[in-house]
Amino acid sequence: MLIHPKTHFQPYTHASGGWGSAKSVMQILWREQALIKAPVALLKQNKPDGFACVSCAWAKPGRPHALEFCENGAKATAWELTSMKTDPAFFAAHTLSELRDWPDYALEQQGRLTHPLRYDPQSDRYRETSWDEAYQAIGVQLKAMEPDSVVFYASGRASLETSFMYQLFARAYGTNNLPDSSNMCHESTSVGLQESIGVPVGTVTLDDFEHTDCLFFFGQNVGSNSPRMLHQLQDVRRRDVPIITFNPLRERGLERFVNPQSPSEMLTPESTLISTQYHQVAIGGDTAAITGIAKALLEMDDCATERGTPAVLDYDFIATHTEGFEAFTTYVRDCTWAQLEHKSGLTRGALEAAATVYASSQRVMFVYGMGLTQHRHGVANVQMLVNLMLMRGNIGKPGAGICPVRGHSNVQGQRTVGITEDPKKVPADLIERHFGFKVPAQKGLCTVDACEGILQGQVRGFIGLGGNFLRAIPDTSRMEPAWQGLELNVQVATKLNRTHLLPARNMWLLPCLGRIEIDRQKGVAQTYTTEDSTGCIHGWHGSAEPVGPQVRAEASIVAGLAMAALAPGNRIDWQAWSDDYSTVRTAIGTIYPQIFHDMETRMAEPGGFHRPIAAAQREWLTPTGKAQFITPVTLAEDDDVNLAEPARDVLQLMTLRSNDQFNTTIYGYDDRFRGVSGTREVIFMHCNDIVRLGFKVGEQVLLTTAIEPEVKRQVGPFEIIAYDIPEGCAAAYYPECNPLVPLWHHAERSKVPAAKSVPVRLSSAGG
Ligand SMILES: Nc1nc2c(c(=O)[nH]1)N[C@H]1C(S)=C(S)[C@@H](COP(=O)(O)OP(=O)(O)OC[C@H]3O[C@@H](n4cnc5c(=O)[nH]c(N)nc54)[C@H](O)[C@@H]3O)O[C@H]1N2
Ligand SMILES: Nc1nc2c(c(=O)[nH]1)N[C@H]1C(S)=C(S)[C@@H](COP(=O)(O)OP(=O)(O)OC[C@H]3O[C@@H](n4cnc5c(=O)[nH]c(N)nc54)[C@H](O)[C@@H]3O)O[C@H]1N2
Ligand SMILES: [Mo]
C-alpha cells in the first residue's frame with residue numbers, strides 16, 4: 001500500500017530544535033493539508049485562552065512563551081486538524097481485511113473519522129449508522145452482559161470532566177474494570193512513589209527549575225517526547241547548573257539544543273550543551289548505577305567523619321523523616337564495585353563523578369521516564385531513585401524533588417478523578433452518598449489482566465475511550481486472534497487505527513471531537529480541564545471548528561452510552577452533565593473537595609492551580625508517617641535473563657519511540673535525531689555485537705524472543721544499524737516490536753510491560 005521512501009542512515013550532528021525542527025513542522029502542516037486551520041490553532045496552543053496540547057503532559061507555564069509549542073506538539077495539532085477525512089464513502093470502498101494489510105502510518109494518514117459506524121460482517125465493512133442506533137444497540141448488549149466481563153479502557157487524553165463521567169459510568173454499570181494507558185507507562189511510579197513517599201505522583205513544579213542547582217535525568221528522551229521541557233533545561237544550563245544523564249543512547253535532545261523560537265539562536269551556530277555528564281548505562285542497569293552513586297556517597301561520608309569535616313549525608317533529615325536507612329546502607333555497602341560496574345555497564349570512576357556533583361549540590365531534581373518504569377524491576381528502579389534523594393534530603397524543599405515525566409496529556413489527571421481498577425483508590429462513600437449507587441467492591445482489571453481475560457475468554461466486551469489498545473499492548477500475535485472472540489467492541493476515536501480493524505462480533509466505531517476543536521453544547525462553547533505532570537490543573541477550550549456535524553464530544557458519547565446502558569436507580573443527570581461541563585466540575589469538587597474545591601474560578605487563573613502534594617511539604621502519607629528507604633531485592637534488572645549466566649547470543653532489546661511518532665500514531669518514517677530516514681524497520685546494535693554474532697551492517701535480520709521458547713515470538717526482517725549503544729544492548733521501535741514482549745514479562749507489582757528489556761536472538765532473514 002505505502003511505498004517507503006529510500007532508507008537512509010547518517011548520524012545526526014546538529015543540536016535538537018533548530019532549523020531541522022522548523023522544517024519538520026512545515027512538512028507535516030503541508031502534508032496534512034492543515035496549513036489554514038493549524039497555524040491559527042498553534043497560536044492558541046498551551047495558552048490561557050486556548051487549548052492544552054494533545055501531545056505530552058509536560059507543564060504549561062503561567063506566563064507562556066510567544067509560541068508555547070514544540071515540533072511534536074505542532075505535529076499533533078496538524079494531525080488532528082487535517083483536512084483529510086475517513087467518511088462512509090471511504091469505508092464503502094475498503095473491507096476490513098484489506099485495511100488490515102495497511103501499515104499504521106497509512107491508516108491514520110487517511111484523516112479524521114466523521115460518522116458513527118457499525119461493522120457489517122456480511123460485507124466485512126463499516127457502514128454508517130445513527131447515534132441513536134449505536135447507543136440503543138450497545139445499551140441492550142451491555143445490559144445483557146455480566147458487568148465484570150466488560151472492560152472500560154481509557155488512553156489518557158480525555159479531560160477530567162469526561163474521565164470522571166467515564167469511571168462513574170463503569171462503576172454504576174457494576175465493574176471496576178478501568179485499565180488505562182498508565183498501566184503500560186507510569187504505573188511503576190504510582191506504585192513505587194506511594195510506598196516510598198506516600199503520594200503516587202511527582203513532587204516538583206515549574207518553579208523548582210528556577211531554584212535547582214543540579215538535575216539528574218534517567219531514561220527520558222526529552223528532545224522527542226517532552227520538548228517543551230528543553231526551555232526549562234536551557235534556562236537551567238544558562239545558570240550553569242549541571243545536568244547528569246543516564247541513558248544507554250546518546251539522545252540528541254539531552255546533548256545540545258537550539259531554541260527554534262529564538263531568532264538569534266537560529267541564525268548563529270550557538271547551541272546549549274544540555275548534559276554536563278552523560279553516562280551510557282546498560283539497559284536495566286539503573287538500580288546498579290544508583291547503588292554505585294549511593295556507595296560513593298557513603299564512602300565520602302566515611303571520609304568526612306574521619307576528617308571531621310561536614311557530613312555528606314543529611315542525617316537530620318534521615319532521622320526526622322525516614323525509615324529503613326540502616327538496612328539500605330548495609331545493602332549498599334555489601335554490593336561490591338565489581339558487581340556494580342558489571343550490572344550498570346559503567347565504571348566506578350563514572351559513578352563517583354556523578355556522586356561528587358550530587359554531594360556538592362544542595363537542591364537536586366530527579367527527572368525520569370520509561371527507561372526506569374518499563375522494566376521487570378521498574379518499581380524498584382523508581383524506589384532506588386527515591387533512596388538516593390532521601391540520603392541528602394532532596395525532597396520537600398524548593399529546587400528539589402522527583403519529576404516523573406508523564407506521557408499522555410491527561411493521564412495523571414484521569415487517575416486523580418477515579419480511573420483506576422482499584423476501588424480503594426476512590427472515595428466510595430462519597431460516591432454512594434451523592435450518586436446513589438454502591439461502588440463495586442471487587443478489584444477490577446488493569447491492562448495486563450484485561451489482556452489475560454481476553455485470552456482466556458472471560459472478558460467479553462471492550463469499550464475504548466481513545467487509544468489503540470491492540471497495538472499498544474504486548475504479545476500482539478497472541479492477542480489479535482483472541483480479540484476477535486469478543487462479543488462487543490466499542491471504540492471512541494478521532495482516527496482509524498488497527499484496533500478498529502479486528503472485528504468483534506458486534507462492533508461500533510464512534511467519532512469524537514479532538515480537544516483542539518470547539519466543543520459546543522446547547523450552543524455554548526465548553527471549557528474542559530486537564531492535570532499535567534507537575535500536578536497543575538488548567539482550564540482550556542477548543543479553537544478550531546469541528547471536523548464535521550456528526551462528530552460528538554467524548555463527554556456526550558459517554559453520557560449517551562451511560563443513559564442507554566444503565567438501569568434506572570442512580571442519581572446522575574447524564575444529560576445535564578453533558579450539556580454543561582461546569583456541572584460536572586461541581587460534582588468533581590463534591591467527590592474530591594481537597595483538590596477540586598472552587599474549581600470553576602481556580603481553573604481560570606493563568607497557570608492554573610496546583611493540587612496539594614503532601615510529600616512536597618514533607619508530610620509522608622505512608623502507613624508509619626515516614627518516607628521509606630526501600631532496599632532493592634536484586635541488582636539484576638531482568639531475572640529472566642540475568643539470574644543464570646546470560647547466553648552470549650542474547651541481546652537485551654529496548655523498544656523506543658522515534659522523533660516522528662506519537663505512540664502508535666506514526667507521523668512519518670524519519671527519526672531525525674537518530675539519523676534514520678525512510679524506514680522504521682531497523683535494529684540499533686553495537687558494532688562489536690554485530691561482528692561477534694556474525695552479521696554485517698545493513699544485513700536484514702529476524703528478531704526472536706529468547707525466553708519461553710515454546711511460544712514463537714518473532715518480528716522482522718529489520719536492517720542492522722551500527723550505533724553508539726552499550727554492548728549486549730539493542731534498540732528497535734515500538735509498536736513494531738510489541739509481538740516480541742510476552743504478556744507475563746511485566747514489572748513486578750505495577751504490571752507495566754517490560755518493554756525496555758526484551759531478551760532477543762537474531763537470525764539472518766536470508767534463511
Ligand atoms: N513526540 C512524542 N511525544 C511523546 C510520546 C510519543 O510517542 N511521541 N509519547 C508520550 C508518552 S505516552 C510517554 S509515556 C512519554 C514517553 O517518553 P520517554 O519516557 O522518553 O519514553 P521512550 O521514548 O520510550 O524512551 C525512553 C528513553 O529511555 C531510554 N532507556 C531505555 N532503557 C533504559 C534503561 O534501562 N535505563 C535508562 N536510564 N534509560 C533507558 C531510551 O534510550 C530512551 O531515551 O512521551 C510522551 N510524549
Ligand atoms: N513495546 C512498547 N509498548 C508500549 C510502549 C513502549 O514504550 N514500548 N509504551 C506504552 C505507553 S507509555 C503507552 S502510554 C501506551 C499508549 O497506548 P494508547 O494510549 O492506547 O495508544 P495511542 O497510540 O496513544 O492511541 C492513539 C489513538 O488514539 C486515538 N485518539 C487520538 N486522539 C484522541 C482523542 O482526543 N480522543 C479519542 N477518543 N481518541 C483519540 C486515535 O484514534 C489514535 O489512533 O503504549 C504502551 N506500549
Ligand atoms: Mo505513556
Side-chain angles (χ1 to χ4, degrees), residues 54-58 70-73 75-76 79-80 104 107-108 113 153-159 162 180-186 217-227 245-251 253-254 279-286 289 368-375 381 404-409 411 447 464-474 491-500 510-516 554 557 637 652 654-665 667 725 729 731 733-738 740-741 752-753 755-758:
V54 286
S55 198
C56 73
W58 185 239
C70 67
E71 170 182 343
N72 285 317
K75 286 181 187 171
W79 177 93
E80 192 167 304
D104 299 299
L107 291 175
E108 298 207 13
L113 295 163
Y153 174 69
S155 129
R157 291 196 198 223
S159 65
T162 305
D180 71 351
S181 63
S182 181
N183 292 141
M184 300 178 256
C185 186
H186 265 293
F217 240 89
F218 284 84
Q220 205 273 333
N221 186 10
V222 60
S224 291
N225 297 336
S226 51
T245 294
F246 289 80
N247 196 309
L249 301 181
R250 295 194 70 91
E251 302 285 24
L254 288 161
H279 302 289
Q280 286 183 268
V281 61
I283 291 176
D286 300 272
Y368 68 95
M370 297 299 100
L372 289 196
T373 62
Q374 293 179 332
H375 282 291
N381 281 340
V405 184
R406 300 273 168 175
H408 271 302
S409 45
V411 67
T447 294
L465 184 63
N468 188 0
F469 189 79
L470 260 185
R471 207 68 178 115
I473 55 175
Q491 296 288 333
V492 179
T494 49
K495 283 202 183 175
L496 185 63
N497 65 44
R498 196 164 168 85
T499 303
H500 311 148
L510 305 177
C512 67
L513 291 176
R515 70 153 77 117
I516 308 172
E554 287 178 326
I557 299 172
E637 190 40 58
Q652 201 70 346
M654 54 179 170
T655 60
L656 302 169
R657 294 156 168 80
S658 78
N659 185 49
D660 225 3
Q661 76 182 84
F662 189 92
N663 294 341
T664 68
T665 295
Y667 299 130
I725 184 171
C729 299
Y733 292 118
Y734 141 68
E736 286 80 350
C737 287
N738 287 37
L740 295 175
V741 189
V752 171
K756 293 291 182 274
S757 53
V758 190

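Order of listing sets the numbers, starting from 1, for every ligand and every atom in it.
Of all atoms in ligand 1, listed by their number and element, those nearer than 4.0 Å to a heavy atom of Asp286 are 34 (C), 35 (O), 36 (N), 37 (C), 38 (N). In summary, the atoms of ligand 2 found under 4.0 Å from a heavy atom of Gln374, numbered by their order in the structure, are 5 (C), 6 (C), 7 (O), 9 (N), 10 (C), 12 (S). Counting the atoms of ligand 1 from 1 in the order shown, those under 4.0 Å from a heavy atom of Gly369 are 19 (O). Counting the atoms of ligand 1 from 1 in the order shown, those under 4.0 Å from a heavy atom of Gly284 are 34 (C), 35 (O). Distances below 4.0 Å separate heavy atoms of Cys185 from the following atoms of ligand 1: 14 (S). Atoms of ligand 1 lying under 4.0 Å from at least one heavy atom of Asn247, given by number and element, are 29 (C), 41 (C), 42 (O), 43 (C), 44 (O). Here is the list of ligand 1 atoms found below 4.0 Å of a heavy atom in Asn221: 20 (O), 44 (O).
The main-chain N or O of Arg471 is found under 3.5 Å from a side-chain atom of Asn738 such that the two form a donor-acceptor pair. Without hydrogens or angle criteria, Gln374 side chain to Val752 main chain gives no donor-acceptor distance under 3.5 Å. Within the 3.5 Å criterion, the main-chain N or O of Thr655 finds a donor-acceptor partner in the side chain of Lys756. Within the 3.5 Å criterion, the main-chain N or O of Gln491 finds no donor-acceptor partner in the side chain of His500. Here the side chain of Ser159 pairs a donor or acceptor atom with the backbone of Thr162 at under 3.5 angstrom. Between the side chain of Asn468 and the backbone N or O of Thr664, no donor-acceptor pair lies under 3.5 Å.
Nearest protein heavy-atom neighbour of atom 42 (O) of ligand 2: Lys495 O, 2.8 Å. Gly466 CA, 3.3 Å is the protein heavy atom nearest to atom 39 (N) of ligand 2. Among all non-hydrogen protein atoms, the one lying nearest atom 30 (N) of ligand 2 is Thr494 OG1, 3.3 Å. For atom 20 (O) of ligand 2, the closest non-hydrogen atom on the protein side is Tyr153 OH, 2.6 Å. Atom 25 (O) of ligand 2 has as its closest protein heavy atom Gly467 CA, 3.2 Å. What sits closest to atom 1 (N) of ligand 2 on the protein, heavy atoms only, is Asn738 OD1, 2.8 Å. Closest to atom 8 (N) of ligand 2 among all protein heavy atoms lies Thr655 OG1, 2.9 Å. In this structure, atom 47 (N) of ligand 2 lies nearest to the protein heavy atom Ala472 O, 2.8 Å.
Not a single heavy atom of Arg406 lies less than 4.0 angstrom from ligand 1. For the ligand labelled ligand 1, residue Pro248 lies inside the 4.0 Å heavy-atom shell. Residue-ligand proximity: Val405 is placed with every non-hydrogen atom at 4.0 Å or more from ligand 1.
Residues satisfying the ring pair (Phe, Tyr, Trp, His ring centres under 6.0 Å) test with Tyr734, not counting sequence neighbours, are none. Applying the side-chain hydrogen bond (donor to acceptor under 3.5 Å, both in side chains) criterion to Thr447, with sequence neighbours excluded, gives Asn183.
For atom 3 (N) of ligand 2, the choice among Trp79, Phe469, Phe662, Tyr734 with the nearest heavy atom turns out to be Tyr734. When Gln661, Arg657, Lys75, Met184 are checked for heavy-atom proximity to atom 22 (P) of ligand 1, Arg657 turns out nearest. Among Leu656, Val411, Asn225, the residue whose heavy atom lies closest to atom 23 (O) of ligand 1 is Asn225. Between atom 26 (C) of ligand 2 and the options Ile516, Thr499, Thr664, the minimum heavy-atom separation is to Thr664. Comparing heavy-atom distances from atom 36 (N) of ligand 2 across Arg157, Glu554, Lys756 singles out Glu554 as nearest. The heavy atom nearest to atom 24 (O) of ligand 2, considering only Gln491, Glu108, His408, is found in His408.
Considering backbone and side-chain N/O of Asn663, one or more are found under 3.5 Å from N/O of ligand 2. At under 3.5 Å, not a single nitrogen or oxygen of Arg515, backbone or side chain, sits near a nitrogen or oxygen of ligand 2. In terms of polar-atom proximity, Leu513 is not counted as a contact of ligand 2, lacking any N or O under 3.5 Å from an N or O of the ligand. On a distance-only criterion, Leu496 and ligand 2 share no N/O pair closer than 3.5 Å. Of the polar atoms of Glu251, at least one N or O is found under 3.5 Å from an N or O of ligand 1, judged by distance alone. Not one N or O of Glu80 is nearer than 3.5 Å to an N or O of ligand 2, by distance alone. Looking at Asn468 next to ligand 2, an N or O pair under 3.5 Å apart turns up. In terms of N/O distances under 3.5 Å, ligand 2 is not approached by Leu465. Remark: ligand 2 and Ser181 share no N or O pair separated by less than 3.5 Å (distance only, no angle test). Residue Met654 has no N or O atom closer than 3.5 Å to an N or O atom of ligand 1.
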Might you work through the side-chain contact (heavy atoms from CB on, under 4.5 Å) test for Cys185 and Met370, ending with a clear yes or no?
CA-CA 7 Å; Cys185 186; Met370 297 299 100; 3.6 Å; yes
Between Trp79 and Thr494, is the side-chain contact (heavy atoms from CB on, under 4.5 Å) condition met? List the steps.
CA-CA 10 Å; Trp79 177 93; Thr494 49; 3.5 Å; yes
Evaluate the criterion side-chain contact (heavy atoms from CB on, under 4.5 Å) for residue pair Met654 and Ile725; output intermediate values, then yes/no.
CA-CA 11 Å; Met654 54 179 170; Ile725 184 171; 4.2 Å; yes
Report the C-alpha separation of Arg406 and Val411 in whole Å, then their side-chain angles, then the decisive distance to 0.1 Å, and conclude whether the side-chain contact (heavy atoms from CB on, under 4.5 Å) test is met.
CA-CA 7 Å; Arg406 300 273 168 175; Val411 67; 3.9 Å; yes
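The proximity of Ala755 to ligand 2, defined as any non-hydrogen pair under 4.0 Å, is limited to the side chain. By the criterion of a heavy-atom distance under 4.0 Å, the side chain of Cys512, and not its backbone, is placed next to ligand 2. With a heavy-atom cut-off of 4.0 Å, Asn659 does not touch ligand 1 at all.
Donor-acceptor pairing under 3.5 Å is recorded for the side chains of Arg657 and Asn663. Checking Arg157 against Ser181 by side-chain atom types alone, no donor-acceptor pair falls below 3.5 Å. Side-chain contact of Ser757 with His375: a donor-acceptor pair under 3.5 Å is present, judged by distance alone. Under 3.5 Å, the side chains of Ser226 and Gln220 contain a donor-acceptor pair of N or O atoms.
Side-chain contact between Asn659 and Asn72 is present, with at least one heavy-atom pair separated by less than 4.5 Å. Looking only at side-chain heavy atoms (C-beta outward), Asp286 and Val281 come within less than 4.5 Å of each other.
Looking at Arg498 and Asp104, no side-chain N of the basic residue comes within less than 4.0 Å of a carboxylate O on the acidic one, giving no salt bridge.
Ring planes of Tyr153 and Phe469: perpendicular class, angle over 60° (limits at 30 and 60°).
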